[in-house]
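Treat the numbers as computed from the prediction; the structure is a model and nothing was measured. Numbering starts at 1 and runs along the sequence shown.
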Amino acid sequence: MPTSLNDALGQIRGPGLHVQVAHGLLRRIAQGAHPPGSFLPSEHALTARFHCSRLTVRRALQALAELGIVAVVPHKGWRLRSQDPAESPRDYRYQLVAAEIRRKITTGRYPIGALVPGEIDLARLHHCSRATVRKALAMLEDEGLLVCLKSTGRRVTGDSPAGQDGTTPTTGARPRRVLEPTPRRPGPRPGTRSAAAASAVQERVHSRGRPEGRVSRGTLGRGGDHDAAHELCDLKRA
């Protein structure tokens, strides 16, 4: 594993209940209750074992995942990484995106009841395709962290009944969408498009054997030359 169990005990600190759950999991792993490469008990089973909420269990598992001790496997659960790095499960791009969104949910960056950024904004933020983002969001929906609202987006759910059925915590209030500073693709410099268009028109005029900028009356009577002449005149006026 990237981080030893003893080191992990010292790195996971804080007053939260999830720290105690993480330490409890580490002790059970050190005692051999969960051998390397095996799957941990389900979140529901861990909730009953440690007498806490499901969100607390997720935060504890995420803390272990950030240290490279466990990894989430889609549709299966949390798997304890092997001590041999070559045998560790591969993290696909959508899994890394899902892990980052999951971290923001567990840390409160995406609060319960809020709408996560749209697929396009998340694709720009994580520098990936929209299909990758959609796969990551579907993975978080299977885990119960997100719920898809028709014509609205995906909302962060909680452990309360109001968060499980897809309704908003505040009656009659529209969910607030979390805004992220997403990078934008730089647009073309002013005049670049016009210069390219002017060059193309000039090439069309030259290809017909006429000097640049001179269009005869007979030329205007022909369909293609007539359009090229007007385009060139309009570009010169601009």
Side-chain angles (χ1 to χ4, degrees), residues 2-3 11-19 21-22 43 53-75 77-78 89-160 162-190:
T3 304
Q11 293 185 33
I12 302 178
R13 297 178 179 178
L17 182 58
H18 72 282
V19 175
V21 174
E43 293 182 1
S53 67
R54 192 172 179 180
L55 182 60
T56 300
V57 170
R58 291 194 196 112
R59 292 186 64 186
L61 292 171
Q62 181 61 29
L64 297 181
E66 291 177 356
L67 296 178
I69 297 175
V70 299
V72 64
V73 179
H75 311 294
W78 296 86
R90 176 185 174 187
D91 289 332
Y92 293 94
R93 180 60 178 162
Y94 76 93
Q95 292 176 317
L96 298 176
V97 174
E100 179 62 19
I101 298 175
R102 188 186 302 108
R103 183 188 65 80
K104 291 182 178 181
I105 293 175
T106 55
T107 57
R109 175 67 181 86
Y110 295 164
I112 295 177
L115 295 173
V116 298
E119 294 179 0
I120 297 178
D121 290 336
L122 287 174
R124 288 172 177 162
L125 181 65
H126 296 281
H127 305 286
C128 62
S129 66
R130 190 171 178 179
T132 299
V133 169
R134 191 178 294 115
K135 197 171 183 179
L137 294 174
M139 178 179 172
L140 296 176
E141 288 178 22
D142 292 340
E143 296 177 13
L145 287 174
L146 297 176
V147 61
C148 185
L149 304 179
K150 186 177 180 180
S151 304
T152 303
R154 293 174 176 84
R155 185 179 66 81
V156 181
T157 62
D159 292 327
S160 62
Q164 295 287 350
D165 59 8
T167 58
T168 56
T170 305
T171 305
R174 185 179 180 84
R176 178 180 60 86
R177 186 176 297 279
V178 179
L179 300 179
E180 288 276 14
T182 56
R184 301 284 180 176
R185 290 184 178 179
R189 291 179 296 177

Those residues that, when tested against [X], pass side-chain hydrogen bond (donor to acceptor under 3.5 Å, both in side chains) (two or more places apart):
X	value
Arg102	Glu143
Arg13	none
Thr106	none
Glu66	none

Report yes if the side chains of [X] and [Y] come closer than 4.5 Å at any heavy-atom pair, otherwise no.
X	Y	answer
Val147	Arg154	no
Ile101	Leu140	yes
Arg93	His126	yes
Leu115	Leu149	yes
Glu119	Leu137	yes

Residues which pass side-chain contact (heavy atoms from CB on, under 4.5 Å) with Val178, listed by chain and number, not counting sequence neighbours |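 For Val178, the residues satisfying side-chain contact (heavy atoms from CB on, under 4.5 Å) (neighbours in sequence not counted) are Arg109, Tyr110, Pro111, Ala114, Pro117.
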Set of side-chain contact (heavy atoms from CB on, under 4.5 Å) partners for His18, sequence neighbours left out =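 Result, side-chain contact (heavy atoms from CB on, under 4.5 Å) vs His18: Thr56, Arg59, Ala60.
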Run the numbers on Leu145 and Arg58 for side-chain contact (heavy atoms from CB on, under 4.5 Å), then give the verdict.
-> CA-CA 9 Å; Leu145 287 174; Arg58 291 194 196 112; 3.1 Å; yes
Enter the distance from [X]:[atom1] to [Y]:[atom2] here, rounded to the nearest 0.5 Å.
X	Y	atom1	atom2	answer
Thr157	Ile105	OG1	CD1	7.5 Å
Leu61	Glu43	CG	CD	6.0 Å
Asp121	Arg130	CG	CZ	10.0 Å
Arg134	Glu141	CZ	CD	11.0 Å

Over all atoms of both residues, closest heavy-atom pair of [X] and [Y]:
X	Y	answer
Ala136	Ala98	CB-N, 3.7 Å
Trp78	Ala65	CZ3-CB, 3.9 Å
Val19	Ile12	CG1-O, 3.6 Å

Does atom NZ of Lys135 have more than 12 heavy-atom neighbours from other groups under 6.0 Å away?
-> no
Audit row: Val133, Ile120, side-chain contact (heavy atoms from CB on, under 4.5 Å) steps and yes/no = CA-CA 8 Å; Val133 169; Ile120 297 178; over 6 Å; no
Does Thr152 offer a backbone N or O that forms a donor-acceptor pair with the side chain of Arg177 under 3.5 Å?
->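 Yes, because the side chain of Arg177 sits within donor-acceptor range (under 3.5 Å) of the backbone of Thr152.
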Would you check, one step at a time, whether the test side-chain contact (heavy atoms from CB on, under 4.5 Å) holds for Val156 with Val116?
-> CA-CA 7 Å; Val156 181; Val116 298; 3.9 Å; yes
Answer yes when Glu180 and Arg124 have at least one side-chain N-carboxylate O distance shorter than 4.0 Å, and no when they do not.
->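 Judged by the 4.0 Å cut-off on N to carboxylate O distance, Glu180 and Arg124 do not form a salt bridge.
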